[in-house]
Amino acid sequence: MDVLGHFEKHVRERLSKELVLLGYEGDLIMERPDHEMADFALPCFQFAKQLRKAPQVIAKELCSELTPDELISKVWEDRGYLNFRVNETMLGMMVVRDALDRHEDFGRGDARQGRVLLEHTSVNPTGPIHVGRARNPLIGDTLARCLRMCGHDVSTEYYVNDVGKQVVLLTWALAHLKESDVPVADRQKDDHRLVGYYQVANRMMESTPEVAADIAHMTQRFEAGDPEVISQVRKTVDMMLEGIRQSLSDINVTLDRYTYESQYILDGSARKVVDDLKASSYAEVDDGGYFLNLEEFGVHGRDTRFFFTRKDGTTLYTTRDLAYHMDKFGRADQLINILGEDQKLGQKQLASALKILGKDEAPECVFYSFVSLPEGRMSTRKGVVVYLDDLLDEAIERAFAEVCTRRPDLDDEHKRQIAREIGVGAVRYNIIRVQAEKQLIFKWEEALNFEGNSAPFVQYAHARCCSILRKTADYNREADLSVLSDPYERKLIWILAQFPEVVRQAGDKRRINMLPTYGHELASALNQFYGTVPVLRSEHQDARLCLVEAVRWALRNTLMTMGIAAPEEM
RNA sequence: GGGCGGGUGGCCUAGUCUGGAUAUGGCGGCAGCCUCCUAAGCUGCAGGCCGGGGGUUCGAAUCCCCCCCCGCCCGCCA
């Protein structure tokens with residue numbers, strides 16, 4: 001158990017014992033008030049009814065029984081609250097020691113049972129990733145890192161949509177359009193080069209019936225299993241996917257596995273899903289197309305009919321997705337999907353269908369709202385987009401300019417390295433820091449924010465720690481930490497001590513936005529300490545160096561779980 | 001029409017699950033701080049009927065009901 005958790009458990013145990021003596025049975029709720037107020041607080045209103053006493057009286061009675069001990073330095077009553085101050089010296093010694101002993105494992109939870117399969121990104125390979133969709137890989141990758149930090153065994157997966165009209169259309173475009181037919185791409189990466197073909201072909205399909213018929217014919221050949229078309233489509237998808245993979249890699253996102261949708265047609269598992277569903281009592285037919293009646297699964301109105309075959313008997317996207325989920329359940333104990341909010345109904349229907357197929361668990365979903373532009377929604381098809389690659393380039397370029405003015409002493413390669421780490425960090429941080437359900441409007445000046453609540457702020461605090469540590473050849477890591485009693489030191493220790501708990505909660509609650517919030521808070525406390533309390537050449541130099549190194553590990557580990565580099569100088 | 005999610009100072013945002021003591025921070029604004037460990041920093045000031053209305057409660061940003069605004073979804077598409 002983490003150090004602060006140990007303190008809290010101790011307080012709870014002592015409280016429970018006293019409450020039993022007072023005649024109270026039941027749970028007790030403790031709070032973490034503002035640090036200036038107290039460390040732990042017990043609102044005694046919760047006991048008033050059962051004990052038939054005023055909260056103030058209960059608090060006073062508890063207060064007189066709960067004498068300070070090794071872990072608790074102060075207990076006092078205040079308007080019905082019983083407040084606690086922990087023994088800050090003890091907390092400081094224990095938590096700094098923990099960080100200095102465990103380094104990159106500081107904050108890491110004990111190994112947990114079961115394999116987690118986290119599906120994220122899974123964007124259609126029809127164009128480069130735009131910032132509207134970038135929320136998906138960033139939430140997914142950060143959650144994966146966070147869950148691993150919590151002690152889970154996590155593997156990540158991208159479901160590649162290589163079946164259907166969209167990819168056939170793109171394939172058709174590559175075969176029938178000349179380079180001169182499409183606008184010149186801004187960059188030579190295949191995803192950017194190819195998206196122009198996709199956009200032009202979409203317009204042609206809408207305006208000229210012959211093209212639409214041609215593409216429809218190609219789609220039929222594809223679905224009939226024509227090996228030539230299938231291999232052509234696969235080739236196109238792989239080109240596009242390589243570009244997407246590169247973009248993901250540029251923002252520190254790598255996936256453990258790419259699973260192609262076509263696999264489930266080829267291996268017959270989609271067909272098996274159709275057969276199994278047809279055999280169920282929920283299956284009905286309308287004009288040759290089979291659907292499930294989901295009335296009793298709480299899916300009402302027009303959404304009740306959940307089709308799983310076309311009238312010609314071929315499978316649908318949803319059918320393949322069912323086969324994919326059956327496959328995933330065979331490979332993991334727990335499924336998590338990161339999805340856009342437009343997938344909610346589909347996931348509900350999918351969960352019902354899985355139940356019909358005999359699975360009693362449903363995948364857990366994290367939904368996010370879309371990022372839009374001030375002008376409205378982004379669309380790859382219409383070309384109304386800001387691509388992730390462009391945002392990233394801009395961020396890195398601005399960071400580079402900033403590094404050049406601040407650190408002219410560094411060589412060019414080093415400056416570029418730091419600029420990359422800052423640019424990537426800023427982009428990741430700004431998307432991750434807001435709650436997933438909140439709708440975002442993309443604004444360049446916000447996405448490129450390098451001050452205040454931003455990645456560079458946290459990275460800078462880390463670099464400051466490194467800078468101090470770098471200036472001392474060596475120091476006594478066994479120094480007496482009980483001298484750390486300055487208010488800024490105590491505040492810093494208190495926030496440092498929250499780290500393991502923050503990681504745990506961010507993972508368990510799937511609320512990764514707690515990580516940037518915490519990172520900012522810790523960095524801010526470090527900056528305040530830095531500005532007020534001298535470390536080098538001070539009377540408590542070694543103890544303070546221990547604290548700085550402990551904070552450095554916490555900052556580094558916070559940044560790492562967000563997929564953001566922790567530069568040693570900037 | 002139905003379903004789901006958001007609404008917190010000028011702008012953005014934490015907290016809502018698990019109700020508690022003066023609602024978290026940032027941006028922007030104003031005023032200060034670099035002979036001292038990197039000023040991507042620090043300090044101070046101004047700015048809030050937590051969308052509106054009812055209810056539950058000793059106590060509501062948080063729970064319940066109604067309403068308003070914004071987003072998303074409601075294809076034999078993917």
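Scope of the values below: all heavy atoms of this structure, side chains included, with no hydrogens, waters or symmetry mates. The chains referred to below are lettered A, B, ... by the order of the sequence lines, with proteins before strands, and numbering in each begins at 1. Please read these numbers as outputs of a predicted model, since none were measured by experiment.
The local environment of CG in A:Asp27 is sparse, with at most 12 non-hydrogen atoms from other residues, nucleotides or ligands closer than 6.0 Å.
A:Lys509 comes within 4.0 angstrom of a nucleotide base, judged by non-hydrogen atoms across all strands. Within the 4.0 angstrom heavy-atom criterion, base atoms lie near A:Asp78. Within 4.0 Å of A:Val163, counting heavy atoms only, lie sugar-phosphate atoms of the nucleic acid but no base atom. At the heavy-atom level, A:Arg305 lies nowhere under 4.0 Å from the strands shown. As judged by a 4.0 angstrom heavy-atom cut-off over every strand, A:Pro55 is placed among residues making no nucleic acid contact. Within the 4.0 angstrom heavy-atom criterion, base atoms lie near A:Gln46. As judged by a 4.0 angstrom heavy-atom cut-off over every strand, A:Gly289 is placed among the base-contacting residues. A:Gln166 comes within contact range of no nucleotide atom at all, as no heavy-atom separation falls under 4.0 Å. Among the atoms of the strands shown, none is found under 4.0 Å from any heavy atom of A:Ser369. Within 4.0 Å (heavy atoms only), A:Val458 reaches no atom of the nucleic acid at all. Using a 4.0 Å heavy-atom criterion, one finds that A:Ala48 contacts no nucleic acid atom at all. Across all strands, A:Met514 comes closer than 4.0 Å to no nucleic acid atom at all (heavy-atom distances). As judged by a 4.0 angstrom heavy-atom cut-off over every strand, A:Lys471 is placed among residues touching the sugar-phosphate backbone only. When heavy atoms are screened at a 4.0 angstrom cut-off, A:Val168 is found touching no nucleic acid atom at all.
Atom name C1', nucleotides B:C37 and B:C42: the rounded distance is 15 Å, in whole Å. A gap of 29 Å separates the C1' atoms of B:G2 and B:U56, to the nearest Å. Across the P atoms, B:C64 and B:C11 are found 28 Å apart, a figure rounded to whole Å. Distance noted for atom C1' between B:U24 and B:U16: 13 Å (whole Å). Look at the C1' atom in both B:C4 and B:C50: the space between them is 23 Å, to the nearest Å. When the P atom is used for both B:G10 and B:U57, the distance is 35 Å, rounded to whole Å.
Using N1 to N3 plus N6-O4 or O6-N4 for Watson-Crick, or N1-O2 and O6-N3 for G-U wobble, each under 3.5 Å, B:G1 pairs with B:C74. Shown here, B:U22 forms no base pair; nothing in the strands shown gives a Watson-Crick or G-U wobble contact with both key distances under 3.5 Å. Under the Watson-Crick and G-U wobble criteria, each requiring two contacts below 3.5 Å, nucleotide B:G41 is paired to B:C33.
When the nearest nucleotides of RNA chain B are assigned to A:Glu261 and A:Ala399 by heavy-atom distance, the more 5′-ward of the two goes with A:Ala399. When each of A:Arg511 and A:Glu437 is assigned the nucleotide of RNA chain B with its nearest heavy atom, A:Glu437 is the one assigned upstream, toward the 5' end.
Within the cation-pi definition used here (under 6.0 Å to the ring centroid, within 45° of the axis), A:Arg234 qualifies as a partner of A:Tyr260. Note that A:Arg320 lies outside the cation-pi zone of A:Tyr264, set by a 6.0 Å cut-off to the ring centre and a 45° limit from the axis. Taking the centre and axis of the six-membered ring of A:Phe400, the NZ or CZ atom of A:Arg416 falls inside the cone set by 45° and 6.0 Å.
For A:Arg464, counting side-chain heavy atoms from C-beta on, the closest listed nucleotide (B:G71, B:A78, B:G41) is B:G41. Relative to the side chain of A:Ser524, the nucleotides B:A14, B:C42, B:C37 differ in distance, and B:C42 lies closest.
For the pair A:Asn453 CG and B:A14 C1', the computed distance is 9 Å after rounding to whole Å. For the pair A:Tyr530 OH and B:A39 C1', the interatomic distance rounds to 10 Å; values are reported in whole Å. If you take CD of A:Glu223 and P of B:C77, they are 9 Å apart, rounded to a whole angstrom. As a whole-Å value, the separation of A:Leu345 CG from B:C73 P is 11 Å. Taking atom CZ of residue A:Phe45 and atom P of nucleotide B:G19, one finds them 14 Å apart after rounding to whole Å. In this structure, A:Phe529 places its CZ atom 18 Å from C1' of B:U43, rounding to the nearest Å. Separating the CZ atom of A:Phe291 from the C1' atom of B:C74 is a distance of 16 Å, rounded to the nearest angstrom. Atom NZ of A:Lys165 and atom C1' of B:C76 are 12 Å apart (whole Å).
A donor-acceptor contact under 3.5 Å is formed by the side chain of A:Asn83 with the base of B:A21.
Residues A:Asn337 and A:His120 bring no donor and acceptor atom of their side chains to less than 3.5 Å of each other.
For B:C12, the OP1/OP2 oxygens have no side-chain nitrogen or oxygen of A:Lys438 closer than 4.0 Å. Contact annotation: A:Gln505 does not reach the phosphate of B:C17 (side-chain N/O to OP1 or OP2, under 4.0 Å). Between A:Arg310 and the phosphate of B:A78, there is a side-chain N or O to OP1/OP2 separation shorter than 4.0 Å. Here A:Gln435 does not reach the OP1 or OP2 of B:U13: none of its side-chain N or O atoms lies under 4.0 Å away. Contact between the side-chain N/O atoms of A:Arg377 and the OP1/OP2 oxygens of B:C73 is found at a separation under 4.0 Å.
The two residues A:Ala395 and A:Phe450 come nearest to each other via the heavy atoms O-CZ, 3.6 Å.
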For salt bridge (Lys or Arg N to Asp or Glu O under 4.0 Å), just list the numbers for A:Arg407 and A:Asp409, CA-CA rounded to whole Å, side-chain angles, deciding distance to a tenth of an Å, and then say yes or no. CA-CA 5 Å; A:Arg407 300 299 305 273; A:Asp409 57 305; 3.0 Å; yes

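Using a 4.5 Å heavy-atom threshold, the side chains of A:Phe307 and A:Arg305 count as touching.
Looking at A:Phe308, A:Phe291, A:Phe297 one by one, the single match for ring-ring contact (aromatic ring centres under 6.0 Å, His included) with A:Tyr282 turns out to be A:Phe297.
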